[in-house]
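This report concerns only the one structure given below.
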Amino acid sequence: MSVQAPPAPTVLAKTPSRWERANKATLAMLGVTVALFVGFGIGADNFLSFDNMSNLATQVAITLIVAVAMTFVITTGQIDLSVGSTVAFVAVGTAEMLKAGWDSSIVIVAALAAGLFWGAVNGWLAAYQKIPPFIVTLATMSVIRGLAQLWTKGFSVPIDRRLYVAKIGEAKFLGFSALAWIALATVVIGGILLARTRFGNYVNGIGSQEESVRRAGVNTARIKMITLMLAGLAAGVAGLLTAARLGSGSANSGQGFELTVIAAVVLGGTDLFGGRGTMIGSIIGAVITGVIANGLTLLGVSPFLTPIVTGMVLLAAIWLNLRGRTLSELGAKLLGRT
């Protein structure tokens, strides 16, 4: 009579702890944000005042709008260096169209379409023609700003403050500017797209395992093109709002803006090499860049020190970004001992 062997014990997969799932770089930058608020709050009497917080929200708004779209781009393992030039082009186009007597509603649609067009150009060249996004957007960065400068001959184009577009830059609700509320709406939409939709899953998947996603039947080239189109559209919104806020369009708008946006996204914990994006982190990163500039200004520090401090913080963020896995493993070990 044969003896039946006992069944093999079932091995249950260990559920990752909350610490293991958390984005360590984002948590670190959240701590930096709190430290900056405390430090500037102590150093500058009016830093934490409502008026300054409202002003800070307005300053951060335009960066945050583009940072939301850039989160998708970087998460797919791409980059867009042309957003600053697109901001300038759309700002100039907005001012020129208003000066020519176009209705504000048509100008708004045309401005957004212009941003979307440049995003589509970047996306088609990078995704379908297989030119590295860094090279594509570096080239279009020069082309787009050159067209803006050629259009205006280097002069700033004023906007009549009585026009509807100009009033957007001055409008307020509950003490905060329209720009801040538009940025908030953009963050909500971007967060839902990244975390709750199939598109967001594809974006994360392409950044980490593009070939696996492609073999699953997903048109990865189309997804990558859409992310660059989103960046162009967001830059179009930023250009329109920049013109509305300043009351003019200038080809010099957005100088270095692309670096500020990329810094905000990377500061927040989005992996610079793709595969891990965080919308909350992009908010934190944008706030950090804004707080540094705002706080140093209130302290009377030279404005030339701002990019130095921001660059140092960015280096620290990248260091944490690259070592996030090491920090996670260390935390898991510490929790395992307790």
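Everything numeric in this text was worked out from a predicted model, so none of it was measured.
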Working for side chain to side chain contact (heavy atoms under 4.5 Å, CB included), residues Thr140 and Thr137: CA-CA 5 Å; Thr140 55; Thr137 58; 4.2 Å; yes
Side chain to side chain contact (heavy atoms under 4.5 Å, CB included) between Leu298 and Asp45, intermediate numbers included: CA-CA 9 Å; Leu298 292 179; Asp45 295 336; over 6 Å; no
Side chain to side chain contact (heavy atoms under 4.5 Å, CB included) assessment of Val90 paired with Leu112: CA-CA 8 Å; Val90 172; Leu112 300 184; over 6 Å; no
From CA spacing to verdict: side chain to side chain contact (heavy atoms under 4.5 Å, CB included), Thr86, Phe257: CA-CA 10 Å; Thr86 302; Phe257 179 69; over 6 Å; no
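Residue-environment remark: CD (Glu170) exceeds the threshold of 12 foreign heavy atoms within 6.0 Å. Crowding of Ile280 atom CD1: a count of heavy atoms from other residues, nucleotides or ligands under 6.0 Å not exceeding 12. Other residues, nucleotides and ligands place no more than 12 heavy atoms under 6.0 Å from the CZ atom of Phe155. Atom CH2 of Trp102 is surrounded by 12 or fewer heavy atoms from other residues, nucleotides or ligands within 6.0 Å.
Phe50 has its ring centre less than 6.0 Å from the ring centre of Phe176.
To the nearest 0.5 Å, the span separating CZ on Arg245 from CG on Leu179 amounts to 7.0 Å. Atom CG in Asn52 sits 7.5 Å away from atom CD in Gln59 (nearest 0.5 Å). For the atom pair CZ (Phe134) and CG (Asp80), the distance works out to 12.0 Å, reported to the nearest 0.5 Å. Atom-to-atom distance recorded for Glu210:CD and Lys224:NZ is 4.0 Å, nearest 0.5 angstrom. Between Thr71 atom OG1 and Leu230 atom CG the span is 11.0 Å, to the nearest 0.5 Å. With rounding to the nearest 0.5 angstrom, the CG atom of Leu98 is 11.0 Å from the CD1 atom of Ile106.
Of all heavy-atom pairs between Leu81 and Met141, the closest is O-SD, 3.2 Å. Heavy atoms only, all atoms of each residue included: Ile159 and Ala166 are closest at CG2-CB, 4.1 Å. Nearest heavy-atom pair, Ala183 versus Ile65, reported as atom, atom and distance to 0.1 Å: CA-CG1, 3.7 Å. Closest approach of Ala221 to Ala127, counting heavy atoms only: O-CB, 3.2 Å. The two residues Ala57 and Ala180 make their nearest non-hydrogen contact at CB-CB, 4.0 Å. In this structure, Thr242 and Val87 approach most closely via the heavy-atom pair OG1-CG1, 3.9 Å.
At least one donor-acceptor pair closer than 3.5 Å links the side chain of Asn219 to the backbone N or O of Arg222. A donor-acceptor pair under 3.5 Å is formed between the side chain of Ser282 and the backbone N or O of Thr278. With hydrogens and angles ignored, the 3.5 Å screen pairs a side-chain donor or acceptor of Ser49 with a backbone N or O of Asn46. For the pair Ser142 (side chain) and Ala139 (backbone), a donor-acceptor distance under 3.5 Å is absent. In this structure a side-chain-to-backbone donor-acceptor pair under 3.5 Å is missing from Ser253 to Ala88.
The hydrophobic clustering, which links ILVMFWY residues whose side-chain heavy atoms are closer than 4.5 Å, places Leu228 and Leu259 apart. Taken together through direct or relayed side-chain contacts under 4.5 Å among Ile, Leu, Val, Met, Phe, Trp and Tyr, Phe117 and Val237 form part of one hydrophobic cluster. Under the 4.5 Å side-chain heavy-atom criterion for ILVMFWY residues, no single connected hydrophobic cluster contains both Ile192 and Ile226. Grouping the Ile, Leu, Val, Met, Phe, Trp and Tyr side chains by contacts below 4.5 angstrom, directly or via other members, places Leu299 with Met312. Taken together through direct or relayed side-chain contacts under 4.5 Å among Ile, Leu, Val, Met, Phe, Trp and Tyr, Trp124 and Trp118 form part of one hydrophobic cluster.
Considering only residues two or more places apart in sequence or on other chains, Tyr164 meets the side-chain contact (heavy atoms from CB on, under 4.5 Å) condition with Ser104, Ile108, Ile168. For Arg214, the side-chain hydrogen bond (donor to acceptor under 3.5 Å, both in side chains) criterion is met by Glu211, not counting sequence neighbours.
Counting only N and O atoms by type, the side chains of Glu96 and Thr152 include no donor and acceptor under 3.5 Å apart. Using modelled atom types and a 3.5 Å distance limit, the side chains of Ser105 and Asp103 yield a donor-acceptor pair. Side chain to side chain, Ser177 and Thr58 meet the donor-acceptor criterion of an N or O pair below 3.5 Å. In this model, a donor atom of one side chain and an acceptor atom of the other lie less than 3.5 Å apart for Asn122 and Ser82. Neither side chain, Thr63 nor Thr260, offers a donor N or O lying under 3.5 Å from an acceptor on the other.
Contact of the Asn252 side chain with the Gln149 side chain is registered, since non-hydrogen atoms from C-beta on lie closer than 4.5 Å. Contact check for Phe72 versus Gln78: no side-chain heavy atoms found under the 4.5 Å cut-off. Contact annotation: the side chain of Trp181 approaches that of Leu184 to within less than 4.5 Å [non-hydrogen atoms, C-beta and beyond]. No side-chain heavy atom of Asp271 sits under 4.5 Å from any side-chain heavy atom of Thr75. Taking the side chain as every heavy atom from C-beta outward, Leu194 and Asn204 approach each other to under 4.5 Å. Put simply, the side chain of Gln255 reaches to within 4.5 Å of the side chain of Arg145, judged on heavy atoms. Residues Asn201 and Thr197 fail the side-chain proximity criterion, which asks for heavy atoms closer than 4.5 Å. Side-chain contact between Val157 and Ser248 is absent, with no heavy atoms from C-beta onward closer than 4.5 Å.
Across Val34, Val38, Thr33, Val32, a single residue satisfies side chain to side chain contact (heavy atoms under 4.5 Å, CB included) together with Leu36, and that is Val32.
Below 30°, between 30° and 60°, or above 60°: for Phe40 and Phe47 the angle between ring planes is between 30° and 60°, a tilted geometry.
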